[in-house]
Structures are given as C-alpha cells and as structure tokens.
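When reading the values below, keep in mind they use all heavy atoms of this one structure, side chains included, and skip hydrogens, waters and symmetry mates.
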Amino acid sequence: MTTVRTFACLTVFLLAGCSADAAPGPVEQIIVREPGAAPVATAATAVAADGGSASALLAEGKAAFANCAACHTIEKGATNGAGPNLFGIVGKAAGAVTGFAYSDALKASGIIWTATNLDSYLADPAAKIPGTTMVAGAIAEPAKREAVITYLESATAN
Amino acid sequence: MSKNNTATDKPGKTGKWTRRAFIGAGVVAGSALVVGVAVRQGNPIDRLSPLLAKGENERLLNAWVKVDADNIVTAVIPHVEMGQGVYTALAQMLADEMDADWNKVRILEAPADMQYVSDSIARDFLAPDLDVPAIFEPTVTGGILELAQAMGLQFTGGSYSVRATGQRAMRTAGAAAREMLVAAAASEWQVPAGEITTANSMILHAGSGKSEPFSKFALAAAEQSLPAKPTLKSPENYTIMGQPKARHDIPAKVDGSAVFGIDAQVPGMKYAAVRAAPVVGATIESMDASAAKTMPGVLQILNMGDFVAVVADGYWQAQQALNSIDAKYSKSEGDSLDQDALFARYATHLDEAGDDGGDMETETGDVAKGFASAAIKVEAEYKVPFLAHATMEPMNCTAWVRDGKCDVWSGHQAPVNARQAAADAAGLPFEDVTYHNAYLGGGFGRRSESDNITMATRIAKATGYPVKMIWSREEDTAQDHYRPSATSRFRGGLDKDGKAVSWDNIHTHLFDPKDAPTVPYYNIASHKIRKVDVPTQLRFGPWRSVDHSQHGFFIESFVDEMADAAGKDGYTFRRELLAGSPRHLKVLDTAAKMSGWGSALPEKHGRGIAFVPSFGSIVAQVAEVDMSGAKPKVKKVYVAADPGFVINPDGFTAQMESAIAYGLTAALYGEITLKDGKVQQSNFHDYPMLRINEMPEVEVALINGDHKHLGGGGEPGLPPIAPAVTNAIFAATGKRIRELPLSKHSFA
C-alpha cells in the first residue's frame, strides 16, 4: 500500500534553535513501503523476546555503534573500512577477517573476542593490545560498552 | 621498532576521529598525552580558552600533535585529503620541527570541529603580512580565530594547507612540543636544556650519556609552560622537510582499501537517486510517479520542491525509478538564457563601460597618456566558457537523522561547513550533528559547496532511516557550481623599441583571488584593470586555481600578442618585463632553458611559454605542440616552479603534473553551454576528459626561492598551461586562439 503525504506549504520553519532558513521538507512524500526487515532488525526482534530491557540495551548498543561505524561495517559480507568488518566478531579469534591489514600486534595477540575481552579492548584498545591501530572508538562508560557488545553479539548468522 | 605503527607501511589506517573519541583517547587511555598546543588551565595562552572552549569539556584545543606511550607521534591534520598529498606534507612539517622519527609518525584527520578551523587561513585573508606563529599570539589571533570560527573555515582549498596551516601551525606545534619535551627532560635530569638534543623521537644528553624516548617525558612535558614563540629550524637543519617522503594515502588507494565518501556504510542504509529542476531557480510543479511506484526496490518517492528523489533498496533501482518519473517544472527567470545571448550580454556591458567605465581594480600611472604616446597599439578580446568540475567520485552524501541527532558521511573540503549545512537542513543544533569525513575522490573546489549535504540530510529527515544519496554523472554535470565563463578585453601600448608602456584590461566577473587579473610583476609603466559585473543565474563555484584559470589565459595570451607586435619572441619579451625581479626571472629562465628555447623544432611544431605567479608560487611553463594533425597534440610540457620551499618534491611535482592534466582537459575540451537555461552537457561523451594517450610528457624543475614565504602547490600549476599551448599553436601555425576550448577551432 502506498501512503501519500502532501505538505501544505513549501517551507517548513523549524524552531529548534537553528537558523531561520532551515531547509524545507518534502512537498509530496509517497511512501511505497517501509524498509524490509534488515538483518539487524531481525536480531533485535529475537532479543526482544527475552524481555524489554534486553531490547532496550540492544537499541542503545545500536545507537552507540554509530561511533564505530565510521571505521567498521557490521553487516555480513560488507567491505572493510578503516577497521575490519565486525559481523560475527563475538567468539571469533582476533585478526581473523580476511583481506584486512591488521597490525602485527593484534594478529599476534592470540585473543578470542569474548565479551570480557571486548570489554577491556573497547575500554582502552592500546592498553589491551599495545600497538593496535584502532586509534579511536574507545568507550569510557562500562554500561555503554555492555550495550555495544550486546549489539555486536546480535550481529551473527544464528 | 615494531612495524605496525608506522605511517608509511600501514596503508589505509588514517584514523577518523569523532570529537568524542578524540577527547576520550586523551582521558581514557591515560598513557596517551596530548602535548604541543593543547590549551589547558594555567598555560600562557589560557586567555584564548574562553574564546574557543565553549563547552566544559573542551580543554583540548588546536591539538595538532600527540605523543603516546609507544613513542608514536601522531600529527593531527586539520585538512582533507583529496589526492593532493596534504597528509604527508603537513606531517613532514610537524615531524621535522619536533625531531620525530618519521617511521613512527602517525596521521589523523582532525574531526569536523570548530577547534580545527583554519585560523591560519583566516589570518592570511586578514593579516597576510603578520609573521608570527598564529596560535601563539593570543591578542592577534584571538580575534581572528573568532572570525575564522564564524566563517566556519576548516577549509582545504586556495592552495593554503602547506603555506598557511603547515607553516604557521604544524611547524610551530612541532617545535613547541619539542621544546616542552626538552624542558621536562632538563628538569628531571637536572641539566641545562641547552645541553639536550633531540633526534628520531629520542631525547639525548651527551654529557651524561642519558637518552630516553619522547614518550618517557610526554606526561611531564604537558605540564611545562607553552613556549611563547618556539624556535623554528632553518633550512640547512631540515631533515624531513624537502624530502620526497612516500605519500601516506597511496597504498590504500592502490589496494582499494581507502574509504571515500561514497563508500560510507551505515547499518540499515537505503539509497537515493535525485534529479533537480534543470533550470536554476525553478521548482517541481508536479510529478507523475505512477510507473516508479511499481518498480522493484522502491521505498519512497519525494518531491522536495527543488528536486525529486527516489529512495530504494539499491542505487540502481532508485535511479531507474527516477528515470521513469515525469516532472513538470515552474517557470524561472533563467529559462531564456542561452550561450550566445550570454556572451552578447557580456559584450554589451563591456561596450557600455568603454575605455574608462567599469569598476576600477587597480590603476598605476597614466594609461591614457601611455597609450596616446605608444608607437604600436595592440587590442584583443578573449573568451572562456563555463566549466564543470567532473570529479571522478560523483557527488554523494549519506545522512541519518533520528532522535534529535544527525550523522552525515561524505568527503568535503570544509567539514565544519558541511556539519553546519546538515544542522540547518535537519533543523538541529550544530552540537547534535556528527560529520564523518572521508577521502575525497577529487575536490577541485566542487567539494567546498554543501548542496549535496543539504539534499541528503533533507531526504534522510523525511525518511527517518539512513540514506545514501548518489548523483548520477548526468546530474553531476548539469547541476555543478560552474567555473564562470568570462570575456576579457585588452589594449596595450608599446614604445618604438617594442617595450610595453601601457596596459588596459576590462573583464567580466571577478570572484577570487582578487589579484588574479593583475600583473604587478610585469614592469609596465602604466596599467589599469577594470571589471563589469554581468548577472547570470548559473551557480558559480571555485574551480582549481579559481579566477587565475581565466585570467592566466587572458593575460598570457595578450602578453604574447604584444611580444609579437614588438617583433620579439615570447620569452625575450617577458624577460624584459621581469627585469629587476630576479626570483621571477629565474623561474622563467629555468623553464626556457629546460625546453631548449630557440632551438629548431620539426615542421609544424611550436613552442609556447606562459608565466603565472599565483597562490604565492611562481610557475612558468613551456609547451611543445605538434600541429601536423587535425587537432593539437601537446607533446611535452616543461615546468619551472618556485613555491618558496618545496616540502615534498614528489608531491609537489605530482601537483604540477595533475594541474596540467586538469588544465589541459579544460583547454582542449572543457565547455558547459546553456540552452533555454539548461546545461546541455551530461556525461563524458559531451564533456570529455584528457585521455592517457593525450597526456604530454611533463618535466618539472623545482626552485626554493624563499623558505620564509611558502606558496601553494594545488593550483599554481594550472593557469599557465592553456596559454602555453595556445601560444605554441600560434608559433606553429600563425593562428591566434582567443577563445577556449580548442575543440571549437578547426586546424585542418
């Protein structure tokens, strides 16, 4: 089904502390369909079944992942960015994504990415693996790390 | 040394920092210390703090350099990489002053934050003669910095990076960091600072045999007071500047791992294709999307007023659906505009101005008298067309507006402007927008505009989910911010010895830099330069070398015509005009000598010379052209360039070569034309690029003429190429080219 929204005026003034010439919204918006369930969204539904707080945590983690997304993709098979693709990272050995040029330090670390290891790495990458080339993205707040790790856990095949 | 942390052998690892991550690294990873120009409590430039640190957490200001526990020195670069090699050159400047080990230098692009506005750029605009390191002069800089913030300048363009940011900020920051490290070591070792030396990221004291890495003193160094005016090296002590260090960005570009704006990946992202009203100022009156609605993958169809967008699961689906949409556009003032009418309009305005009208730009001596007394008079009119930028990476932007926040991904020459544009479009405060910059697949000025950022943000705001908007090549060609077309008229007078005595120029349009039409380096007793403003509705934007791209052709063509009228060759005539300017002469002479000026050439071959100082650098080119075929074949270009001091000879040479490729493309083919207000070109078949078999061999000689005043590298190689080629065509055929591109002319 298609929804059509027609907007009364061309210029929609937005008042939220921005300049007066905020760009106009659509004159006509035809919504053919909402985006299909993305792999991430499917995982989210699955987790939601265990209870509300888990899904809230997941949502928080997904939002926090915006800090990682500048360098990492998470969808299955997506290309590596400045950092390796993180699909299925939880439980995987460090340095295992093919085609990514890891630092020698990370490759030699022998770490398995358990939630605990991820937690300490994300708290301070260079302290966990001296010489790692992940130079940004550390998360200071433990709760936020937990959320991101929950989100990472959701991004697997099963 | 562990191999994994070097700048050179770690392809694709240029970090991208959000401001949060940046501050986080300083706080969380306690081992990492930002030294150099961090403004914090108690240091001498604390007065700057209130101006800059508006939020309570903003204690890291203008942090250009960081030393971490592994003795890695990180240079934070407040400019964007668009193929010009800026990461490498600026890091070289910092590392050299700091005595850092080049193999342990890492590079980070500064986040899109006001902290990294190019105050040095603003300074050059406002106080070009001030010879103080920008960031250490609170009184001078404070005001300028505020202005720079207002202007949103974290800008890469105007060939400014090395000569302004590098010279004023990176070098000073490196020297300051070094002095602070030395001071910290001196106090711990209880030896005079003057006995301490530094090299390769190590601090040494010969007397006691002590030596420690920088990192040992990073913490203590940060507590030292900031040197008010750190001592910069003189050229004989440079160890990294002036060296052809390998380009930091190249390995990742070769192996394909480099991330450009168009590569942004956001979970749940969809794709948008867009089509704007073809005439500037027109709006979409109605659209028939009946076919598009049924097409595969289509999610939304949007009439945004000034453009139509289709959002779909994939880019191809979005573009196909967009192609099926029939839109009706409103009338616009620009509807009637076409090519010939436009140049006729220029002519009318110039006619009206006559010999004395128009806005005077510069006037020296008495032109009327000079002209009246001239033994020989020369007059000529030249025209150049609109040009598109045709960046290899088409315009694009990915945006996500949700929950009062906005994230935007693109490659932009002014990330702070991009962030502001997204904030405006999303209707959110600047603070709630995170801008993620990536490599630019060509900038040339096109990516200093934010229209793509605004459009993508508006689409994403309407959909609520992340959307990657990509322009088709057709859209890119038809909706550019064009290099303006222009007409320029000259009158010149020569005395009986063939010496230039008067120069009168009037031209349409002036944008930037203001000195582009002027010729202060040519010793001509009287000259006046005027302009007339002629309105057109087309969007203008800076294009590599900006107004020098037009005026370089105008001026150097006319100088050649005067030379011819004087019965002299172009080189000799220019030598006379440059008498008394040894630095200029040296550049001209070098190019002429390299080219074997005056020696015999095969039949139907010609040599042409052109000389254009721009953006602080002096460049002369000699082109050798073969006119035996149906169209000109530029065989070889000899370049002599003096940018003051060449920081990276390899990078600078590459800039000269690429400016020739870009400028020759325009000279041979570049032309955007209008019919009924619409751009008639659409893709590479009607807006061709130089092919590899058309690229001349280029030989570059670099001259270090004044290490205190650096010139730019990105643009100065461009202006001389068109006139060098057309002057060579004249030498070979006697045919004077007064209008570009060359494809308009027949040489059969």
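- Residue B:V266 comes nearest to A:E75 through the heavy atom pair O-OE2, 4.4 Å, listed as atom of the first residue, atom of the second, then distance.
- Atom CD of A:Q29 and atom OG1 of B:T463 lie 8.0 Å apart (nearest 0.5 Å).
- Counting all heavy atoms, side chain and backbone alike, A:I74 lies closest to B:P267 at CG2-CG, 4.0 Å.
- Of all heavy-atom pairs between B:R458 and A:G25, the closest is NH2-O, 4.4 Å.
- In this structure, B:V298 and A:V32 have side chains that are in contact, with non-hydrogen atoms separated by less than 4.5 Å.
- Taking CG from B:D407 and CG from A:N67, the interatomic distance works out to 8.5 Å, rounded to the nearest 0.5 Å.
- Nearest heavy-atom pair across B:V259 and A:A82 is CG2-N, 4.1 Å.
- Rounding to the nearest 0.5 Å gives a distance of 4.5 Å between CZ of A:R33 and CG of B:D313.
- Note that the OG1 atom of A:T73 and the CG atom of B:D263 stand 11.0 Å from one another [nearest 0.5 Å].
- In this structure the side chain of B:Q265 never reaches within 4.5 angstrom of the side chain of A:N85, judged on heavy atoms.
- Considering CD1 of A:I30 and NZ of B:K293, their distance stands at 5.0 Å, rounded to 0.5 Å.
- Between A:A66 and B:R402 the shortest heavy-atom distance is CB-NH2, 4.1 Å.
- A:V27 has its side chain out of reach of B:M304: every pair of non-hydrogen atoms, C-beta onward, lies at least 4.5 Å apart.
- Neither the backbone nor the side chain of B:T457 comes within less than 4.5 Å of any heavy atom of chain A.
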